[in-house]
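For reference, the structure is listed below as structure tokens.
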Amino acid sequence: MRSRLPLSAVVRRGAACVLLALAALAQGPLAGAAVRGEGAGASVRGERAGASVRAEGADAPHAKGRPAAASAPRTAARLPFAPRWSATLHGGFARAAASAVVCEAPAVKGVPACAGARRGEGAAKGRTAPNNGDYALSYADSDDDPNTYNSTRARLDLPEGARIRYARLYWGGNLRVGEQKPLADAGTVLIAEPGGAYRKVSADTTIGHRVAGGAEALHASADVTDLVRASGPGDWTVAQLPIAKGHSATGGWGGWTLVAAWEEPGASLRRLSLWDGFESLRVDDSDRRTLRLELPGHHVPAGASGRAGIVAYDGDRGIDGDAVTVRTGEARPVPLGGGAANPTADLLNSTISDNSTAHAKSSRGGLPHTFGYDSDVLDLREALRPGGRGLRVDVSAQRDAVWLGAFWAQTDEARAGGEGGDAAAGGTKAGTGVGGRRD
């Protein structure tokens, strides 16, 4: 026999059920958002600034499975080169860089096997040197994390006692090769400091993105000054670069470069300039063949020393006509490079190299052929020999298609202090100083 409840109890029980149902309806979407990491300040995915993102399981931010849908980042098909950061100080630039693709198998006849191509061996008679369009490419994966599908490591070397003044991470690749990578994922990578865990880094400026010449090229960057200043020199790892694997006639490519400006009281007084953008040379008929940069603020004494660096994509080995020339004052332009690593007439030739006087260790141990990625440090002494005011840099590609992402230079300074307050006391960076890039 059913016991009969008083009317007041029935009313109370019914009201409680209604409230519980309403609470469940209200909580469901919010709970789902928290689990997926889509809500503001979500903690499950480690998306707060500076939080470690080495989460585990299928919902980890660097899981091999397809992540939750994200909004497409802000992009532009062309980003004119502009100053990113500059200063006059006792110090210089350091660089670490790595290519994120490796050769998997030849895709055309008449080219060496992968082992030979990695060593930079030539091709069969009648063919140019082997390049990224001749091979099926796969991901380089140097970490022991099963949740990353690509990862590479490079060493950043700094002088003893040096303090980081500015640091920026550049990354890029081809999103369309044998597979298609989503643009929505292209604005974020993972970075791990020496001995540290992965954390997310997201592009803090407009991303360069263009579909042309059989490729979907991408270039992005982010300010990582605080992280590099706190962590210092050593082996840095970058993972989950937005690059596609497989084969296409144009070829795949991808890589990253960490550029760090350092200061140390015992170092020579130098002028440092970092420029970046996203420009294509000779990718299609509408493209220019030469990009000119005018770097002010360099007061170069006669016989000065200096170094320059460049980040570029899809430079093919054995196709001449790509070169970088520098002049100071009214002197003649001097081509940079030379030797087997960076011939002056084929400078952008899929290498991570350093032919400057410092011979940075960060470029050692890399494969001679990077299959489409250039991060080169070049000696400026010959170009600076006459001395003068300012640097004029011409980057040209007459026969090869090249995408450009960054350029930096350090030169001995003839006088203390810079221009317009941009002296050793404080460098100019994006959005804060005259002439700086405003994204």
Side-chain angles (χ1 to χ4, degrees), residues 81-96 156-170 204-205 221-233 257-277 293-301 304-311 326 328-329 356-358 360 362 377-378 380-381 383-384 387-393 405-439:
F81 264 62
R84 173 62 68 182
W85 183 89
S86 61
T88 300
L89 49 74
H90 293 272
F93 280 119
R95 178 218 60 177
L156 181 71
D157 286 308
L158 297 170
E160 186 71 26
R163 175 180 179 268
I164 296 296
R165 288 290 303 277
Y166 184 75
R168 194 160 192 89
L169 178 67
Y170 295 96
D204 56 13
T205 62
S221 68
D223 185 335
V224 291
T225 303
D226 291 343
L227 179 60
V228 178
R229 183 178 292 157
S231 304
T257 293
L258 175 61
V259 181
W262 55 269
E263 184 175 25
E264 198 279 315
S268 298
L269 183 68
R270 299 185 179 105
R271 176 69 177 182
L272 276 59
S273 298
L274 173 63
W275 286 49
D276 57 31
L293 305 178
E294 300 279 358
L295 280 62
H298 290 260
H299 306 90
V300 182
S305 295
R307 308 168 69 196
I310 190 168
V311 171
V326 173
T328 181
S356 72
T357 56
S362 57
V377 178
L378 306 162
L380 288 179
R381 284 179 299 172
L384 302 180
R389 292 174 61 90
L391 298 180
R392 192 183 77 184
V393 181
F407 183 88
W408 63 94
Q410 67 178 54
T411 60
D412 292 346
E413 181 66 14
R415 64 191 181 105
E419 295 179 340
D422 182 18
T428 298
K429 65 179 182 179
T432 62
V434 176
R437 173 180 290 283
R438 301 176 187 274
D439 294 288

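Quick note: residue numbers are just sequence positions, from 1. This one's a predicted model, so the numbers in the text were calculated from it and none came from an experiment.
With values rounded to the nearest 0.5 angstrom, Arg95 atom CZ is found 12.0 Å from Ile310 atom CD1. For the atom pair CG (Asp157) and CH2 (Trp262), the distance works out to 11.5 Å, reported to the nearest 0.5 Å. Leu391 contributes atom CG, which lies 7.0 Å from atom CG of Leu380 (distance to the nearest 0.5 angstrom). Atom OG1 of residue Thr411 and atom CZ of residue Arg307 lie 13.0 Å apart, to the nearest 0.5 angstrom. Atom OG1 of Thr328 is separated from atom NE2 of His298 by 9.0 Å, given to the nearest 0.5 angstrom. Between the CG atom of Asp276 and the CG atom of Leu274 there is a distance of 6.0 Å, given to the nearest 0.5 Å.
Checked by atom type and distance alone, the side chain of Glu413 never pairs as donor or acceptor with a backbone atom of Leu269 at under 3.5 Å. Remark: the backbone N or O of Glu264 is not paired with any side-chain donor or acceptor of His90 at under 3.5 angstrom. When atom types are taken as modelled, the side chain of Ser86 and the backbone of Leu272 share no donor-acceptor pair closer than 3.5 angstrom. A donor-acceptor pair under 3.5 Å is formed between the side chain of Arg270 and the backbone N or O of Gly91.
Nearest heavy atom pair, residue Leu384 against residue Ala304, reads CB-O, 3.8 Å. Nearest heavy atoms, Arg165 versus Arg229: O-NH2, 3.4 Å. Taking both residues in full, the closest heavy atoms of Ile164 and Ala167 are given as CG2-CB, 4.3 Å, listed atom of the first, atom of the second, then distance. When all heavy atoms of Ser273 and Leu295 are compared, the pair lying nearest together is CB-CD2, 4.0 Å. Residues Ala261 and Phe93 share a closest heavy-atom pair of CB-CE2, 3.7 Å.
In this structure, Tyr170 and Arg84 have side chains that are in contact, with non-hydrogen atoms separated by less than 4.5 Å. Looking only at side-chain heavy atoms (C-beta outward), Val228 and Leu258 come within less than 4.5 Å of each other.
Checked options Trp275, Trp408, Tyr166; the residue passing with Trp85 is Tyr166 (criterion: ring pair (Phe, Tyr, Trp, His ring centres under 6.0 Å)).
The number of heavy atoms from other shown groups lying within 6.0 Å of CD (Glu160) does not exceed 12.
Using modelled atom types, one finds a donor on one side chain and an acceptor on the other under 3.5 Å when comparing Arg271 with Thr88.
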